[in-house]
Amino acid sequence: MTDENLPRVTREQIVDSLKKIGIHRGDILALHSSLKSLGYVEGGAETVIHAFQEALGFAGALLMPTHTYSFPIWSKPPYDKNESPSLVGNITEVFRRMPNVLRSDHPTHSVAAWGRFAADLTRDALQYPPTGIGSPWHRFHEAGGTILMLGTNQNACTMLHYCEAAADVPYLDVTFTPGVDYEVAHRINERGEVEEYILKQVPGCSRGFHKSEPCLRENGALEDVKIVNSQSQLLDSRKMVKAMKEKLKSDPFFLLCDFPDCGICVRRRNCAV
Ligand SMILES: [Zn+2]
């Protein structure tokens with residue numbers, strides 16, 4: 001089936017759906033998204049973003065990950081805030097290039113934001129772990145943000161990495177590279193030079209994150225919603241962090257995946273740097 005044969009979706013339908021699930025002007029919303037889950041959107045990603053901007057207004061805020069994973073060992077080029085494409089979906093890549101959208105300096109886990117809190121959510125990214133305490137996700141949580149997983153599930157939810165840090169799970173220092181507690185990323189600095197950036201508390205594997213869904217539903221943190229044709233999840237970040245901190249206190253390895261060949265999760269379970 002080509003895109004043109006999918007159900008047609010308009011900006012108005014998306015705005016209506018957002019109102020129906022309780023998104024209001026002034027809200028702070030983080031969006032993880034699958035564009036194709038909506039059907040065929042006239043105008044593509046830009047239409048979707050305009051719908052969210054209309055629903056939230058500039059008094060609200062829209063936050064998206066624009067990760068580039070600029071690790072030299074993964075053969076990724078140095079992160080250039082203005083040029084490096086987002087690797088986490090078409091909507092995020094279009095969003096970061098739109099007017100009045102700011103992007104953070106982080107070479108692996110950058111975010112882009114629009115609206116009232118855009119400057120606050122994107123500032124000082126190099127001073128903090130990418131998704132931990134002090135990160136944009138921490139600030140988003142403190143501001144009482146709502147998360148929408150548009151056609152995706154918790155495996156794509158960056159806030160669960162923040163939950164790992166907030167719960168101080170014992171494996172935060174275990175990275176992809178055995179034997180060290182850091183990774184090396186690289187970026188183009190303000191003078192146009194390539195520089196290395198040392199990364200601590202590297203966000204690891206998220207293939208087990210979907211296991212959080214029943215717990216989040218039980219705690220009233222996750223609601224299953226529909227945005228036009230897209231089966232989606234709506235989350236209250238404060239309830240989510242509270243529920244996950246509790247869960248991770250009794251079962252610190254709960255969010256790790258169960259794939260026996262997953263290098264990092266196996267080592268994280270043993271907490272072997
Ligand atoms: Zn894993």
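Counting starts at 1 for both ligands and their atoms, following the listed order.
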Ring pair (Phe, Tyr, Trp, His ring centres under 6.0 Å) contacts touching residues 165-195 (sequence neighbours left out) | W74-F176

Could you pull out all residues at least two apart from K81 that satisfy salt bridge (charged side-chain N to carboxylate O under 4.0 Å, His left out)?
-> D105

Given a cut-off of 2.8 Å, the protein N, O or S atoms lying below it from the Zn ion (ligand 1) are C205 SG, C257 SG, C262 SG, C265 SG

Please name all residues satisfying salt bridge (charged side-chain N to carboxylate O under 4.0 Å, His left out) with R187, sequence neighbours left out, ordered by chain then number.
-> E190, E195

Is the distance between the ring centroids of Y128 and H106 under 6.0 Å?
-> no

Within 45° cone of F117 ring axis and under 6.0 Å: R139 NZ or CZ | no

State whether the side chain of E183 and the backbone N or O of T177 hold a donor-acceptor pair below 3.5 Å, judged by distance alone.
-> yes

